Amino acid sequence: MESNEFIYPALPVLLAASRREDSTPGELASSLKMNKHAVTYALRVLRDRRLVEIQSGRVRLTERGKRVCLLYTSPSPRDLSTSRMPSSA
């Protein structure tokens, strides 16, 4: 089983790629206000874990990458339970 410890620093790049489908690494770096080399490294990590594909200089999420984004952007069930108002009789 492979470790996910190297994926966590790359998550902002993965989430940005999900919002800006078909972007170049430079466009992602600009939208995140990150160094292009850091984004390129993050994309390499994400590609090695089959979360993104890079074709013709464009970044696309794989189905696996889309599931990871959904996991990190979905509200926690705990968040819903704290926002409920108790019923009064």
Side-chain angles (χ1 to χ4, degrees):
M1 186 171 196
E2 61 182 38
S3 170
N4 289 331
E5 69 183 69
F6 293 112
I7 293 177
Y8 295 124
L11 280 176
V13 176
L14 181 65
L15 295 173
S18 74
R19 290 188 302 272
R20 298 178 54 93
E21 189 73 23
D22 214 29
S23 296
T24 65
E27 290 168 344
L28 291 174
S30 178
S31 73
L32 291 168
K33 295 180 176 62
M34 286 177 66
N35 179 303
K36 186 177 177 183
H37 297 291
V39 169
T40 301
Y41 178 78
L43 287 171
R44 194 174 321 135
V45 169
L46 296 169
R47 185 194 62 212
D48 290 348
R49 285 163 177 76
R50 298 184 316 267
L51 299 173
V52 298
E53 296 174 341
I54 303 171
Q55 297 174 347
S56 304
R58 298 284 177 181
V59 179
R60 293 183 184 93
L61 265 66
T62 62
E63 287 302 313
R64 184 177 176 179
K66 290 175 185 176
R67 285 193 304 271
V68 169
C69 285
L70 183 61
L71 171 71
Y72 280 94
T73 58
S74 296
S76 166
R78 286 177 275 143
D79 295 339
L80 298 175
S81 65
T82 59
S83 64
R84 290 189 191 151
M85 295 290 291
S87 60
S88 57

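Bear in mind that the values here come from a model prediction, so they are computed numbers and not experimental data.
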Set of residues satisfying salt bridge (Lys or Arg N to Asp or Glu O under 4.0 Å) with respect to K66, sequence neighbours excluded: E63
E53 bridged to R64 by N-O distance under 4.0 Å: no
Cluster check V39, L11: I/L/V/M/F/W/Y, side chain < 4.5 angstrom: yes
Hydrophobic cluster identity match, I54 and L46, side-chain contacts under 4.5 Å: yes
Joint cluster assignment, V52 & L32, ILVMFWY side-chain distance < 4.5 Å: yes
Gap between atom CG of D22 and atom CG of L61 - 0.5 Å precision: 11.0 Å
Sidechain-backbone polar pair: T62 side chain, L51 backbone, donor-acceptor under 3.5 Å: yes
Shortest non-hydrogen contact between P25 and G57, atoms and distance: CD-O, 3.5 Å
Any residue meeting salt bridge (Lys or Arg N to Asp or Glu O under 4.0 Å) with R44, in chain and number order, not counting sequence neighbours: none
Check: K36 main-chain N/O paired with T40 side-chain donor or acceptor under 3.5 Å: yes
Contact list for residues 11-20, test side-chain hydrogen bond (donor to acceptor under 3.5 Å, both in side chains), sequence neighbours left out: none
Audit row: R58, T24, side chain to side chain contact (heavy atoms under 4.5 Å, CB included) steps and yes/no: CA-CA 5 Å; R58 298 284 177 181; T24 65; 3.4 Å; yes
Within-4.5 Å side-chain heavy-atom neighbours: V13 and M34: yes
